[in-house]
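Counting starts at 1 for both ligands and their atoms, following the listed order.
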Amino acid sequence: MKSIYLIGFMGSGKTSVAKRLSEVLHVSLIDTDDLIEETYQTTIANIFAKSGEKTFRDYETDILRKTPIKDRIISTGGGIIERQENIDWLKSNGIVIYLQTSWQEIVHRLKDDSARPIWNNEQRDKKKMLEKRDIKYKETADYIIITDGKTPEMIVNELITLIK
Ligand code: S3P
């Protein structure tokens, strides 16, 4: 099986859906953010604070290319599509699923989140970012699943039907 890459904005449920999907399909799970933290022995927040976003994006691109393109469920960071080379890589190597989530739902899910550096930006900027990224997520994805009002189980069931 080609690896399944989950893409989508912060708060779209990539991590929970990836966990559930890996249990149901009995396929190992990789989270690119976790892999960055393990590889560089620091937190994402620290990388942003000490080395800046560009360094984080360099790490992210490097880690993405090292993910196995077979037999894995891979949850990616919300900004993975910020680099065209990542879009190209994902399109040619994986089955890409976009978990599409509305702005209202994202705000609701992340209201108390302070761990994500990008989520600390101005509300108006983040909303614009979602609108811009939505185009790129769509361009990259093989399949799109709307997640609003759905549990990870519901999303996984939908996903399995789609990729069959
Ligand atoms: C980011 C999303 C985060 C993480 C980093 C940057 C982004 O991942 O990669 O904080 O640019 O949207 P999640 O989408 O898992 O929150």
Original post:
Got the closest protein heavy atom to atom 2 (C) of ligand 1, with its distance?
Top reply: G78 N, 3.5 Å

**OP:** Just need the protein heavy atom nearest to atom 15 (O) of ligand 1, so name the residue and atom and give the distance.
**Re:** D33 OD2, 3.3 Å

Subject >> W103 backbone acceptor or donor facing K127 side chain under 3.5 Å >> reply: no

Subject >> Which segment of E82 sits under 4.0 Å of ligand 1 when only heavy atoms are counted >> reply: neither

Subject >> atom 16 (O) of ligand 1 [closest protein heavy-atom partner, distance rounded to 0.1 Å] >> reply: R116 NE, 2.6 Å

**OP:** Ignoring hydrogens and angles, state whether a donor on the side chain of T76 or T32 is under 3.5 Å from an acceptor on the partner side chain.
**Re:** no

**OP:** For the pair S3 (side chain) and P68 (backbone), establish whether a donor and an acceptor sit closer than 3.5 Å, ignoring hydrogens and angles.
**Re:** yes

Original post:
Is the closest heavy atom of W119 to ligand 1 under 4.0 Å?
Top reply: no

Original post:
Do E153 and N157 have a side chain donor and acceptor closer than 3.5 Å?
Top reply: no

**OP:** Over 60° means perpendicular and under 30° means parallel, so classify the ring planes of F56 and F48, tilted if in between.
**Re:** tilted

**OP:** Answer side chain, backbone, both or neither: which part of M129 comes under 4.0 Å from ligand 1, heavy atoms only.
**Re:** neither

**OP:** Please report which non-hydrogen protein atom sits nearest to atom 14 (O) of ligand 1, along with the residue it belongs to and the distance in Å to one decimal place.
**Re:** K14 NZ, 2.5 Å

Original post:
Which residue holds the protein heavy atom closest to atom 11 (O) of ligand 1, what is that atom called, and what is the gap in Å?
Top reply: R57 NH2, 2.6 Å

**OP:** Around atom 12 (O) of ligand 1, find the nearest protein heavy atom and jot down its residue, atom name and distance.
**Re:** R133 NH1, 2.7 Å

Subject >> Short side-chain to backbone donor-acceptor contact, N93 and I69, under 3.5 Å >> reply: no

